[in-house]
Amino acid sequence: MRVYNTLSGKKEDFIPLEPGKVKIYVCGVTVYDYCHIGHARSAIVFDVMRRYFRYKDFQVRYVRNFTDIDDKIIRRAQEEGIPWNEVVRKYTEEYYRDMDALGVERADVEPRATEHIPEIIEMVRTLIDKGYAYEVNGDVYFEVNRFPGYGKLSKRSMDELVAGARVEVDERKRNPLDFALWKAAKEGEPAWDSPWGPGRPGWHIECSAMSIKHLGETFDIHGGGADLIFPHHENEIAQSEACTEKPFVRYWLHNGFITISKEKMSKSLGNFFTIREILERFDPEVIRAFILSTHYRSPIEFSEEQLLDSEVSINRFYSTIMRVETYLDRMPQKVKATPEEEYLQEILRKFRARFEEALDDDFNTALSLGYMYELVREINRYLDSKPSGGPARKLLLEGISTLRETGKVLNIFQRSPQQWHTSLLRSFL
RNA sequence: GGCGGCGUACCCAAGUGGCUAAGGGGGAGGUCUGCAAAACCUUUAUGCGCCGGUUCGAAUCCGGCCGCCGCCUCCA
């Protein structure tokens, strides 16, 4: 397998730390609002990677966190006049509702920052002891100048970062790029005791502490949206490697954005659609197929037209399944071979290899889908030739089961045609 | 300003040195059908933003130009 590693900027052979095993950490969401389609993309593409590793007989350990304490959560709690942990509870529940609907599997471990305060404190303490961090009035900052590799993931030098920085100047920091490991609590804010006084963890430290705890000091894959490359993942590398003195992650994988009118969909621009809104109009399988019809690193333009295209494609699949079922029910015993049989056999013979070749090449789901639709067409062509008898039955069933099994990797094509059609009718109402 | 990415048909999209440039949607024509739908077939890029260069050979590598986008600030 080959994967594109953001760290090296190229595709590399994937070699796991331990043969046959793969350890993956994916940055999840901050639970303070409903998820939008961009969150869905990240969740779905990494879900597919995980499923594909399993398909390839890897033993997968998959960790995806929830950020359950930060400024946005605190602000939202104040706005709604409810406790911060009530905000967390509510939006965690909503997250699961959306992701379950989209067929995103639960992670093996789903750690939360507030459940790892001791590990976080321990890590911050180590960083201070080693001289990588300093305390100022109850805040603790990581000193980026102390870490020689700073900028290696986002491919920027310190000078460039400082020159282009638009961050507000905080006089207490030794360098404007220094980032908070621990934040002192202001009046009325949720707080945990620490050697530096009551406070809460900074955003980046939780992912380092939790990934190291659940996957070890070095692990295989760390993923997330491309907008996390800087500063989040850059900071994770700095604090983790400073702390453990070992390489943190072997392969950094990042998914591209969803755009609206060519612009990045984002909270701050306000040009986003929630998963919930889209699910009112489209079947979840349509959303999955739409997202997987583009390579995970490329931008996808979100549009109704594209979703409708995906809907038609999936419909063709289920119509074919139904056609085969009906056909087999009425098919005569008498053996009738047709020339099309050879074509279908030929495409089936090559199918698995081509499917795997596509996904082996940096998870090219778009290409794998193309092969699947080619197989659908070949099955229809064979049906049109009106074959009959045992061998024909066997061949048709093989075609269907091949699509079903490979569909498992993308988690599409898993329902009955009846279920699909029922759901489709519902979306018209 | 710095760094990075992208530009393939009417739309989406795969393809990163070499067979006829996947696949889907849409359009046109056709087969089947009582009609229709579905399905299938044919067709829809001698060309891959533009101009040069390297090479026996380039969408694919190099240089320049044009256009679009992202990151540098919370962000999937």
Side-chain angles (χ1 to χ4, degrees), chain A residues 6 9-11 26-30 32-33 35-46 64 67 70-72 75 151 153-157 159-168 176-177 179 203 223-234 254-259 261-269 272 275 289-303 305-317 319-320 322-324 326-327 340 354 358 361 364-386:
Chain A
T6 306
K10 51 192 176 211
K11 281 188 203 171
V26 176
C27 286
V29 295
T30 301
Y32 75 105
D33 204 350
C35 287
H36 58 65
I37 183 74
H39 297 113
R41 183 178 195 189
S42 181
I44 288 169
V45 300
F46 287 103
R64 184 185 51 223
T67 295
D70 93 322
D71 295 350
K72 294 189 291 292
R75 192 177 354 109
L153 184 71
S154 50
K155 311 215 175 357
R156 270 178 280 242
S157 71
D159 295 345
E160 286 164 11
L161 284 165
V162 175
R166 283 178 272 163
V167 289
E168 77 281 19
L177 297 173
F179 57 90
W203 174 38
D227 44 4
L228 297 181
I229 294 170
F230 189 89
H232 186 52
H233 289 162
E234 194 69 73
H254 294 96
N255 64 274
F257 302 124
I258 294 196
T259 59
S261 308
K262 302 273 182 189
E263 274 192 326
K264 178 186 170 186
M265 176 189 288
S266 79
K267 277 275 163 80
S268 42
L269 288 171
F272 62 92
I275 295 172
F290 161 69
I291 282 168
L292 296 174
S293 68
T294 298
H295 185 92
Y296 76 91
R297 283 190 285 116
S298 304
I300 308 185
E301 172 73 10
F302 179 85
S303 77
E305 195 191 350
Q306 294 313 310
L307 283 166
L308 285 169
D309 276 2
S310 293
E311 186 175 273
V312 171
S313 299
I314 293 175
N315 192 54
R316 190 158 75 100
F317 168 81
S319 298
T320 301
M322 192 145 80
R323 220 185 138 199
V324 170
T326 316
Y327 188 84
E340 281 74 10
R354 297 212 288 171
D361 184 13
N364 195 334
T365 53
L367 186 56
S368 71
L369 271 172
Y371 292 144
M372 292 171 96
Y373 288 123
E374 231 173 326
L375 178 52
V376 168
R377 187 182 63 208
E378 212 52 52
I379 290 171
N380 276 310
R381 223 151 83 89
Y382 184 52
L383 283 169
D384 280 354
S385 76
K386 303 203 186 332

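A, B, ... follow the sequence lines: proteins, then strands. Residue 1 opens every chain.
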Quickly work out the [X] [atom1] to [N] [atom2] distance and round it to whole Å.
X	N	atom1	atom2	answer
A/Leu369	B/rC12	CG	C1'	13 Å
A/Tyr382	B/rA39	OH	P	20 Å
A/Asp361	B/rA14	CG	C1'	11 Å
A/Tyr373	B/rG24	OH	C1'	7 Å
A/Arg316	B/rC40	CZ	C1'	10 Å
A/Arg381	B/rU31	CZ	P	18 Å
A/His233	B/rC71	NE2	C1'	14 Å

Donor-acceptor side-chain pairing of A/Thr320 and A/Asn380 below 3.5 angstrom
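Present: a donor and an acceptor within the cut-off.
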
Who pairs with [N] - Watson-Crick or G-U, where each distance is under 3.5 Å:
N	answer
B/rC68	B/rG5
B/rC10	B/rG25
B/rG63	B/rC51
B/rC32	none
B/rA38	none
B/rC56	B/rG18

Counting any heavy atom closer than 4.0 Å, what does [X] reach on the DNA or RNA strands: base, sugar-phosphate only, or nothing?
X	answer
A/Tyr371	nothing
A/Gly256	base
A/Gly38	base
A/Ser319	nothing
A/Leu308	nothing
A/Met265	base
A/Ser268	base
A/His254	nothing

Given the [atom1] atoms of [N] and [M], what is the spacing between them in whole Å?
N	M	atom1	answer
B/rC71	B/rC75	P	12 Å
B/rG27	B/rC11	P	15 Å
B/rC40	B/rA45	C1'	24 Å
B/rG26	B/rC12	P	15 Å
B/rC68	B/rU73	C1'	23 Å
B/rC72	B/rG17	C1'	35 Å
B/rC69	B/rU31	C1'	46 Å

Working note: A/Arg377 + A/Asp384, criterion salt bridge (charged side-chain N to carboxylate O under 4.0 Å, His left out); need CA distance, chi angles, decisive distance, verdict.
CA-CA 10 Å; A/Arg377 187 182 63 208; A/Asp384 280 354; over 6 Å; no

Nearest to side-chain heavy atoms of [X], which nucleotide of [options]:
X	options	answer
A/Glu263	B/rA76, B/rC74, B/rG70	B/rG70
A/Asn364	B/rG23, B/rC74, B/rA14	B/rA14
A/Leu367	B/rG24, B/rA76, B/rA22	B/rA22
A/Ala366	B/rA39, B/rA22, B/rA14	B/rA14
A/Ser266	B/rC75, B/rA39, B/rA76	B/rC75
A/Thr294	B/rA13, B/rA22, B/rA76	B/rA13

A/Arg156 to A/Phe230 six-membered ring, cation-pi geometry met (6.0 Å, 45°):
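The answer is yes, since A/Arg156 meets both limits relative to A/Phe230.
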
Looking at A/Phe302, is A/Lys264 sitting on its ring face, NZ or CZ under 6.0 Å from the six-membered ring centre and within 45 degrees of the normal?
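Judged by the rule, A/Lys264 and A/Phe302 form no cation-pi pair.
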
Nearest heavy atom decides the nucleotide; on that basis, is A/Arg41 or A/Asn380 closer to the 5' end of RNA chain B?
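Residue closer to the 5' terminus by nearest nucleotide: A/Asn380.
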
Closest nucleotide of RNA chain B for A/Asp309 versus for A/Thr30: which of these residues is on the 5' side?
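Nearest-nucleotide comparison on RNA chain B picks A/Asp309.
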
Less than 4.0 angstrom from a charged side-chain N to a carboxylate O is my criterion; do A/Lys72 and A/Asp33 meet it?
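Looking at A/Asp33 together with A/Lys72, the answer is no, because their closest N to O distance does not fall below 4.0 Å.
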
Short side-chain to backbone donor-acceptor contact, A/Glu340 and A/Arg381, under 3.5 Å
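Looks like no, no N/O pair under 3.5 Å.
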
Does [X] make a side-chain N or O approach to OP1 or OP2 of [N] shorter than 4.0 Å?
X	N	value
A/Arg377	B/rG24	yes
A/Arg297	B/rA14	no
A/Arg156	B/rG4	no
A/Lys264	B/rC71	yes

Using a 6.0 Å cut-off, check whether atom NZ of A/Lys386 has over 12 heavy atoms from anything other than its own residue.
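Counting other residues, nucleotides and ligands, NZ of A/Lys386 stays at 12 neighbours or fewer.
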
Is there side-chain contact between A/Leu153 and A/His232, with at least one heavy-atom pair below 4.5 Å?
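The answer is no; the side chains never approach within 4.5 Å.
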
